[in-house]
Protein chains: 4
Amino acid sequence: MQFNQDKAIFLQIADRLVEQVVQGSLQANQRLPSVRELAVQLEVNPNTIVKSYAYLEENQVIYKQRGKGFYVAELAKKDLIEKKRHEFTEQTLPQLYAEMQRLGFSVDEVIKLLSKMQK
Amino acid sequence: MQFNQDKAIFLQIADRLVEQVVQGSLQANQRLPSVRELAVQLEVNPNTIVKSYAYLEENQVIYKQRGKGFYVAELAKKDLIEKKRHEFTEQTLPQLYAEMQRLGFSVDEVIKLLSKMQK
Amino acid sequence: MQFNQDKAIFLQIADRLVEQVVQGSLQANQRLPSVRELAVQLEVNPNTIVKSYAYLEENQVIYKQRGKGFYVAELAKKDLIEKKRHEFTEQTLPQLYAEMQRLGFSVDEVIKLLSKMQK
Amino acid sequence: MQFNQDKAIFLQIADRLVEQVVQGSLQANQRLPSVRELAVQLEVNPNTIVKSYAYLEENQVIYKQRGKGFYVAELAKKDLIEKKRHEFTEQTLPQLYAEMQRLGFSVDEVIKLLSKMQK
DNA sequence: GTGGTCTAGACCACC
DNA sequence: GTGGTCTAGACCACA
């Protein structure tokens with residue numbers, strides 16, 4: 001797999017897994033590939049996967065069972081989507097608004113541009 | 001000055017200077033503070049300022065006169081604004097649109113949210 | 001059964017059995033459930049039960065009869081209680097006392113807190 | 001330095017640093033030894049120290065400054081002591097009380113034992 | 001100089 | 001088989 005140089009690989013892997021949970025290709029309580037498996041698959045050192053999984057476990061996206069492996073957390077999908085929607089309305093949009101104003105775009109102009117994309 | 005730990009300090013300083021050019025508090029051909037001056041003012045290692053100035057020079061926002069210092073480039077303001085407006089319509093907005101869709105926001109909802117901010 | 005992820009499952013099972021002996025729900029010379037039975041009941045890998053029983057056998061809480069199964073040791077209850085009372089006065093309490101002092105609790109305060117629980 | 005086999009080294013190092021903060025031998029905003037320094041001093045791999053520091057940073061006991069190092073957090077001492085006192089009254093003592101009862105000690109007996117230590 | 005990341009490879013406890 | 005930890009050593013961005 002190709003990785004972006006700008007961001008830590010373990011984070012890119014975590015992001016990818018989060019995406020899969022949000023999209024639904026990873027379901028609640030589904031088992032994730034083992035550390036070694038995923039390491040081989042992504043052509044990465046197992047320790048890097050360990051770090052990704054540890055990161056996701058901290059953020060309660062996945063949980064582990066001793067000697068068995070990692071599983072998708074029950075509330076992961078719901079929580080993640082909720083979190084992202086919150087970020088969108090509370091951060092992304094206000095930032096967009098500020099940027100807009102600094103660059104001299106009016107709300108109406110932006111609305112027009114957005115409406116165009118819809119078609 | 002307070003810096004965000006997530007982004008390199010030299011980039012945060014460069015962003016800040018770009019902002020000042022766009023806003024007009026730094027005019028074309030105006031001399032920038034010396035590396036040492038700015039380092040003291042921002043409580044930062046001089047090397048960090050050197051890196052910020054080098055970065056801005058690469059991006060033709062400022063130019064250097066040997067033995068004198070750094071100056072705001074003639075076209076900096078115009079170019080920067082144009083560049084940013086282009087980025088906004090060609091990158092920021094399409095990205096926002098994609099994000100919106102993934103999270104299940106309709107264009108109408110986003111328009112409403114933006115309109116609210118205007119008030 | 002739910003297990004704590006912080007402690008090895010085989011030890012948690014052993015602790016549980018010890019508790020049952022001390023409480024009396026497992027009597028001297030009573031036969032323990034077979035490895036497979038208990039494994040099914042606790043939804044655990046049979047190997048884990050094997051390890052728990054081996055651990056208890058080492059500590060002379062239970063004994064094995066070839067081809068028959070595991071039984072609660074004669075002196076298990078008496079020994080365990082004696083051992084635990086000894087641990088309590090010689091280890092648990094002194095540790096508590098040290099912790100107390102480090103955190104600035106006086107003996108009187110702790111006595112008050114303990115007395116409250118009694119009610 | 002000698003480490004206990006039962007607990008991860010990186011956690012033992014973190015505990016040790018927490019102790020030093022609580023005791024006051026590490027003051028607020030004081031710089032910690034660099035990763036490499038401490039690694040040499042404790043005869044441990046630098047990665048192990050990285051893990052300890054990351055763990056403490058997550059728990060807001062320390063913070064880092066890019067390119068400079070790690071520092072003791074402002075509220076670390078206060079928070080840590082408060083947290084530990086809370087644990088003591090809400091967990092340690094109730095557990096002690098339960099253990100006491102199971103082993104047939106009365107509150108009065110325990111109070112006597114504690115009072116003896118005081119002398 | 002600082003910490004952050006990654007690889008390679010080993011050993012361990014646990015299931 | 002599983003994950004967890006640790007070592008050794010390398011490279012990187014940043015101050």
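Protein chains get the first letters and strands the later ones, always in sequence-line order, with residue 1 at the start of each.
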- [ ] Look at all strands and tell whether C:Asn45 reaches a base, only sugar-phosphate, or nothing, counting heavy atoms closer than 4.0 Å.
- [x] sugar-phosphate

- [ ] Look only at the side chain of D:Glu99 and the backbone of D:Leu96, and say whether a donor-acceptor pair between them is shorter than 3.5 Å.
- [x] no

Task: Nucleotide interval of DNA chain F bounded by contacts with chain D (heavy-atom cut-off, under 4.0 Å) - done: F:dT5 to F:dA15

Task: Flag for B:Glu74-B:Asn29: side-chain donor and acceptor within less than 3.5 Å - done: yes

Open item on the list: In this structure, how many angstroms lie between the P atom of E:dA13 and the CD atom of D:Gln5, rounded?
Closed with: 9 Å

Task: Donor-acceptor side-chain pairing of D:Asn4 and D:Gln12 below 3.5 angstrom - done: no

Open item on the list: If you assign A:Thr48 and D:Pro33 each to the DNA chain E nucleotide with the nearest heavy atom, which residue ends up on the more 5' nucleotide?
Closed with: D:Pro33

TODO: Could you summarise the pairing of DNA chain E as dot-bracket text, marking Watson-Crick and G-U pairs under 3.5 Å with ( ) or [ ] inside the strand and | across strands?
DONE: ||||||||||||||.

- [ ] Using a strict 4.0 Å threshold on nitrogen-to-oxygen distance, state whether B:Glu58 and B:Lys64 make a salt bridge.
- [x] no

Task: D:Asn47 or B:Lys51, whichever maps to the more 5' nucleotide of DNA chain F - done: D:Asn47

Task: Over 12 foreign heavy atoms within 6.0 Å of CD, B:Glu82 - done: no

Task: Backbone N/O of C:Lys68 and side chain of C:Arg31: donor-acceptor pair under 3.5 Å - done: yes

Open item on the list: Students often mix this up, so state it plainly: with edges at 30° and 60°, are the rings of C:Tyr55 and C:Phe10 parallel, tilted or perpendicular?
Closed with: perpendicular

- [ ] Identify whether any heavy atom of B:Val44 sits under 4.0 Å from a base atom; if not, whether one sits that close to sugar-phosphate; answer base, sugar-phosphate or nothing.
- [x] nothing

Task: DNA chain E: 5'-proximal contact among C:Ile9 and D:Ala54 (nearest heavy atom) - done: D:Ala54

Task: Ionic contact status for D:Lys77 with D:Glu19, cut-off 4.0 Å - done: no

